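Because the structure is predicted, anything quoted here is derived from the model rather than measured.
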Amino acid sequence: MNLKLLLGLALCVGLIPAASAASKHAKESRWDNCEKLVMAGYQGWFRGDGKDGTKAPWQQWGKSSQIDDEHMAVDQWPDMTEYERKYTCPFKLLDGSPATVFSSLDASTTDLHCRWMREYGIDAMAFQRFYWMLKKNDHRDGDALKVLKNCLESTKKEGRAFMLMYDLSNYSQDEDHAEVLIRDFKRLVDDYQMTGGQKTHYLYYQGKPLVCLWGIGHGGKKGSGPHRYEVKKFIEFLKHDPEYGNCAIMLGVPCYFAERKYDCSSAKELTEIFALADIFSPWNGGRYATTDNDFLGVYGETFGERLAKDLAYCKSKHQEYAPTVYPGFSWYNAMRTGEGLDGPFGAIPRRKGHCYWGLWERVVKAGCRIVFIGMFDEFNESTAIMKSTDNTPALVKSKYIPTENMGADHYLWLTQQAVQMFKAGKQLPEVMPVRPGAKQLPMEWGQSINRQVKGQRK
């Protein structure tokens, strides 16, 4: 019998395996070691007044695309000293100068932010891609894709790792969510070469591209709606697709994910989804307020106790753990309605950095290998660690978290100090370090607010 015919028959009946599809991902990454890794969440959602090319002027700076005393949406104000492009607001600052802000749409902005990440020791940018933007012909998604492309280029330029973080907070119930995510991931890999190239700078975990899905399991007893659990199909695609698969999965989960109670859904669908995770990253932001000498959670346990339980759970499941540290929490201007329903201002005080340092100290002491900073640029809820200023808008109703005379880059500097000790395998001192020349010493534990505050993330 003809040899070609024999080979053809063998392939048909499965005696000889057909050639597998080639992977779309790079075989190697410059970032393939998550031992003592520090990543920072990056929103990238701020827009200028329309002159930056966006169709949504003042997005995230103000509500309803307006920026004034009635529509302010941030509780921190950026220090604009180093920005190449600035957008002038329709009001002045306290010193009488014109108020300006940056646009995340500008490549010069992402270049600056990634330079700060390099200078202050942050390894990876966790870029948030919001599900509600993944709509056909939605101009907001077009802007977000441009920011993503800028971030890919900026992180590469500054030698930082890039990781995609899908934020699933605003899942709707009118579509096949998994198919929307699959289609989008393929686009990012094919059109933007997100994980491609000879040696990518995309973040890998154990030789695989690491993809984070944030918002899995939030919602307490009612859960997040049954539609949220359709994400399992997407996770299986990321793990097993012959071209786009072989990815590692990091799940952004509620604080009490390990015990499936309080802020975490007890829905049975979560069990299978949690089993597919490589890394868990619980959202601790807003969950812990400082007391006399510790961090007390809204459900009565300390942050250290929570870390120990989470680490034990992950170890038993052979999964990794990446807790969140944050500088404080405030959500006043964005929630302000004038109807007695105002959001909390300074709900979790920064206390000149003692809150941030204390969380870092406990995370390192517990033996965590990965640290997630939430967030780098989140001015809306005042969890941003990037440079801010006390020269804020001269407005009447709006309020802004002060730097407390610690300097514009104080939280970046604290990050640098913590990262250096973390990577050197040293324990952080309980007393926060003070930079030479600082105007004031930090507050002591005994001067705390002694209260518990419930915080909510978007």
Side-chain angles (χ1 to χ4, degrees), residues 43-49 51-52 57-104 106 109 112-113 116 285-286 326-338 342-356 375-414 435 438-440 442-443 449 455:
Q43 310 280 49
W45 59 13
F46 295 100
R47 304 289 182 262
D49 64 352
K51 295 178 181 178
D52 61 355
W58 307 121
Q59 181 175 308
Q60 295 301 331
W61 293 115
K63 294 172 281 188
S64 302
S65 297
Q66 301 180 61
I67 187 170
D68 52 38
D69 207 5
E70 298 292 340
H71 297 87
M72 190 59 60
V74 296
D75 279 23
Q76 284 177 268
W77 198 255
D79 183 306
M80 294 298 297
T81 305
E82 301 176 57
Y83 289 86
E84 181 180 324
R85 295 192 65 183
K86 308 176 184 182
Y87 297 86
T88 303
C89 305
F91 45 79
K92 295 185 181 299
L93 300 176
L94 292 174
D95 68 356
S97 63
T100 61
V101 293
F102 62 82
S103 170
S104 303
D106 293 333
T109 295
L112 177 62
H113 292 171
W116 287 345
Y326 52 93
F329 177 81
S330 181
W331 201 5
Y332 177 77
N333 289 326
M335 300 297 288
R336 178 163 46 92
T337 64
D342 296 349
F345 179 73
I348 297 183
R350 294 188 165 214
R351 297 175 61 242
K352 301 187 177 181
H354 203 113
C355 174
Y356 186 54
M375 310 285 286
F376 187 84
D377 61 340
E378 171 64 287
F379 283 134
N380 309 76
E381 296 176 15
S382 188
T383 62
I385 63 166
M386 57 182 282
K387 298 182 183 182
S388 61
T389 181
D390 288 326
N391 189 23
T392 57
L395 301 173
V396 176
K397 299 178 181 179
S398 302
K399 299 180 181 180
Y400 303 92
I401 296 298
T403 66
E404 301 176 285
N405 294 318
M406 301 304 287
D409 71 336
H410 179 53
Y411 291 90
L412 288 172
W413 181 82
L414 283 179
R435 180 162 36 185
K439 294 182 180 180
Q440 294 183 24
M443 296 170 66
I449 57 173

* To do: With side chain to side chain contact (heavy atoms under 4.5 Å, CB included) as the test, would you mind laying out the steps for Tyr400 and Leu395 before giving the verdict?
  => CA-CA 10 Å; Tyr400 303 92; Leu395 301 173; 3.9 Å; yes
Between [atom1] of [X] and [atom2] of [Y], what distance do you get to the nearest 0.5 Å?
| X | Y | atom1 | atom2 | result |
| --- | --- | --- | --- | --- |
| Lys399 | Gln76 | NZ | CD | 16.0 Å |
| Lys86 | Ser103 | NZ | OG | 14.5 Å |
| Thr100 | Arg85 | OG1 | CZ | 13.0 Å |

* Give the ring-plane orientation class for Phe102 versus Phe46, where under 30° counts as parallel, over 60° as perpendicular and anything between as tilted. => perpendicular
* Asked: Should the ring pair Trp331 and Phe329 be called parallel, tilted or perpendicular, given that the plane angle runs from 0 to 90° and is split at 30 and 60?
  -> perpendicular
Nearest heavy atoms of [X] and [Y], plus distance in Å:
| X | Y | answer |
| --- | --- | --- |
| Ala73 | Ala334 | O-CB, 3.7 Å |
| Cys89 | Ile67 | SG-CD1, 3.9 Å |
| Lys352 | Glu404 | N-OE1, 2.6 Å |
| Leu93 | Ala99 | CD2-CB, 3.5 Å |

Is there a donor in the side chain of [X] and an acceptor in the side chain of [Y], or the other way round, less than 3.5 Å apart?
| X | Y | answer |
| --- | --- | --- |
| Asp106 | Tyr87 | yes |
| Ser382 | Asp75 | no |
| His113 | Tyr83 | yes |
| Arg336 | Ser398 | yes |

Between [X] (side chain only) and [Y] (backbone N and O only), is there a donor and an acceptor less than 3.5 Å apart?
| X | Y | answer |
| --- | --- | --- |
| His71 | Ser65 | no |
| Ser388 | Asp79 | no |
| Thr389 | Asn391 | yes |
| Lys63 | Met335 | no |
| Glu378 | Asn380 | yes |
| Asp377 | Ala384 | no |
| Lys92 | Ala394 | no |
| Asp390 | Pro402 | no |

So, do [X] and [Y] sit near enough that their side-chain heavy atoms are less than 4.5 Å apart?
| X | Y | answer |
| --- | --- | --- |
| Glu82 | Trp116 | yes |
| Thr88 | Asp49 | no |
| Ile401 | Phe345 | yes |
| Val101 | Trp58 | yes |

* **Lys/Arg N to Asp/Glu carboxylate O, Lys397 vs Glu70, below 4.0 Å** => yes
* Asked: Are Lys387 and Asp409 within salt-bridge range, i.e. N to O under 4.0 Å?
  -> no
* Got more than 12 heavy atoms from elsewhere within 6.0 Å of CD, Glu84? -> no
* Are Arg350 and Tyr411 in a cation-pi setup, meaning NZ or CZ lies under 6.0 angstrom from the ring centre and within 45 degrees of the ring axis? -> yes
* For Phe379, check ring-ring contact (aromatic ring centres under 6.0 Å, His included) against everything at least two apart and list the hits. => none
* To do: Determine, stepwise, if the pair Asp95 / Ser97 fulfils side chain to side chain donor-acceptor pair (under 3.5 Å).
  => CA-CA 6 Å; Asp95 68 356; Ser97 63; 2.6 Å; yes
* Asked: Which is it for Met72 and Asp68 under the side chain to side chain contact (heavy atoms under 4.5 Å, CB included) test, yes or no, and what are the steps along the way?
  -> CA-CA 6 Å; Met72 190 59 60; Asp68 52 38; over 6 Å; no
